[in-house]
Amino acid sequence: MLRTRVITAVILLVILLAVLNANSFPVFAIALAVFFFAAAWESGRLFDARSPLAGAAIWTFLFLILAFQDTAAPQYAHRIALLAAVGVGSWALRLAPSLALGLPPVDVMGNWVLSFVYGVAVLACFAAMLALFLHSALYFFSVMALVWLADIGAYFSGKAFGKRKLAPSISPGKSWEGAIGGWLSVMALAAGSTFIPSLHDTFPVRILAAWGWLGLFLVLTVVVAASVVGDLFESQLKRRVDRKDSSNLLPGHGGVLDRIDALIPVLPLAVFVGYWLP
């Protein structure tokens, strides 16, 4: 299992680096569309949709329409920022509260409404990837790295010190100590990156330049909290339909949603915050 997991991770990293190295927006957008289709299909299955493939095709068509517009036009950035704001609002008003309120049964109208809200959130996440990449590949990678580090830091901190369960009814393996360890890891990386000149155009450094250390502390705290919420929400979806993974598309890792669950609330948040940076 570990060998399979490592091989899949290496392949995914090679694909990501190859796409970023191509420095081509159409190539990046098409690659994203493939993963978006998979994520939308998995989402449909987790919400017990009648035709997950048809739903995924419709969502992907909307994503492609959004992606292949005139990216140089000022309206393009405004549209992405607006969609990012809708994504942030979806998490704040409906998706995050479900961790405390619970999910509706899969056979009621409330489940369909929730599936649509989550679909918008996933669309906002992938649209945010487009905006971050348009800024620069380094800027895009700097936001992704924060989420990855939060996850890695939480894993090792939880293994070493985890005692107090974070959400035992949703994800018994997660602990408060792990979450704090992930947060500390992100803070350390962000603080260290501000002293490296070649990283001047990354997300943490731009926040520091605009809003100072307190602003950086507050924004990154919200980012880490959002990543935890995204992870827990997908775990809640899987638990409701008694699935271990969102799919088996990525051997050793589960599905696409299993890999990006923490990114779904974070990336629109990063675009929304970035839109107000000077």
Side-chain angles (χ1 to χ4, degrees), residues 1 4-5 8-9 11-13 15-16 31-63 83-84 87-88 90-91 94-96 98-99 103-104 106 111-130 132 143-144 146-148 150-152 154-155 167 170-171 173-174 182 223 226-270:
M1 174 63 80
T4 302
R5 187 178 180 87
T8 302
I11 292 174
L12 290 174
L13 181 60
I15 293 173
L16 175 62
L32 279 189
V34 173
F35 283 95
F36 178 79
F37 180 86
W41 170 71
E42 291 172 355
S43 176
R45 294 171 76 239
L46 292 180
F47 281 98
D48 201 29
R50 291 184 179 179
S51 182
L53 281 174
I58 293 172
W59 280 110
T60 305
F61 178 70
L62 294 175
F63 172 76
L83 182 55
V88 171
S90 298
W91 283 100
R94 183 61 185 96
L95 301 178
S98 73
L99 298 179
L103 298 173
V106 295
N111 178 64
W112 183 89
V113 173
L114 188 66
S115 71
F116 178 78
V117 174
Y118 190 61
V120 171
V122 175
L123 177 63
C125 171
F126 278 80
M129 293 186 195
L130 296 175
L132 295 170
V143 180
M144 302 276 282
L146 294 176
V147 178
W148 294 335
D151 185 51
I152 294 171
Y155 175 81
I170 299 175
S171 185
K174 289 181 170 47
V223 163
S227 73
V228 174
V229 168
D231 192 335
L232 289 175
F233 183 80
E234 201 231 350
S235 295
Q236 190 179 33
L237 288 179
K238 291 186 293 186
R239 184 171 291 274
R240 183 179 62 161
V241 293
D242 195 27
R243 292 181 185 271
K244 181 179 182 295
D245 300 312
S246 58
S247 76
N248 59 357
L249 290 177
L250 304 176
H253 290 264
V256 173
L257 283 180
D258 295 320
R259 292 299 90 209
I260 68 167
D261 50 6
L263 294 169
I264 295 173
V266 169
L267 298 189
L269 177 63

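Numbering of residues begins at 1 and proceeds along the displayed sequence. Remember, predicted model here, so these are calculated numbers, not experimental data.
No more than 12 heavy-atom neighbours from other residues, nucleotides or ligands sit within 6.0 angstrom of CH2 on Trp112.
A donor-acceptor pair is defined here as one N or O able to donate and one able to accept, closer than 3.5 Å; no such pair exists between the side chain of Ser43 and the backbone of Ala40. In this structure a side-chain-to-backbone donor-acceptor pair under 3.5 Å is present from Thr8 to Pro251.
A pairwise comparison of heavy atoms in Ala49 and Pro52 identifies O-CD, 3.6 Å as the closest pair. The two residues Leu32 and Leu130 have their closest heavy-atom pair at CD1-CD2, 3.7 Å. In this structure, Glu234 and Ser246 approach most closely via the heavy-atom pair OE2-CB, 3.4 Å. Of all heavy-atom pairs between Cys125 and Leu263, the closest is SG-O, 3.8 Å. Of all the heavy atoms in Val120 and Trp59, the pair that sits closest is N-CH2, 3.6 Å. For the residue pair Gly255 and Leu250, the shortest heavy atom distance occurs at O-CD1, 3.7 Å.
When the ring pair (Phe, Tyr, Trp, His ring centres under 6.0 Å) test is applied to Trp91, the partners found at least two apart in sequence or on another chain are Phe233. Residues passing the ring pair (Phe, Tyr, Trp, His ring centres under 6.0 Å) test with Phe63, sequence neighbours excluded: Phe36. The side-chain contact (heavy atoms from CB on, under 4.5 Å) test applied to Phe35 returns Leu12, Phe126, Val256, not counting sequence neighbours. Remark: Phe61 pairs with no residue by the ring pair (Phe, Tyr, Trp, His ring centres under 6.0 Å) rule, at least two apart or across chains. For Ser247, the side chain to side chain donor-acceptor pair (under 3.5 Å) criterion is met by Glu42, not counting sequence neighbours.
Distance check: Asp231 CG to Ile264 CD1 gives 10.0 Å after rounding to the nearest 0.5 Å. Here CE of Met144 is found 6.0 Å from CG of Leu16. Values are rounded to the nearest 0.5 Å. The CZ atom of Phe116 sits 12.0 Å away from atom CG of Leu114, with the distance rounded to the nearest 0.5 Å. Between atom CD1 of residue Ile260 and atom CE of residue Met129 there is a gap of 5.5 Å, rounded to the nearest 0.5 Å. Interatomic distance, Leu46 CG to Trp41 CH2, rounded to the nearest 0.5 Å: 9.5 Å. Atoms CG and OG, on Leu267 and Ser227 in that order, are 10.5 Å from each other to the nearest 0.5 Å.
Listed by first then second residue, pairs satisfying salt bridge (charged side-chain N to carboxylate O under 4.0 Å, His left out) with a partner in residues 240-268 read Lys238-Asp258, not counting sequence neighbours.
Within the 4.5 Å cutoff, the side chain of Leu103 has no heavy atoms near those of the Arg239 side chain.
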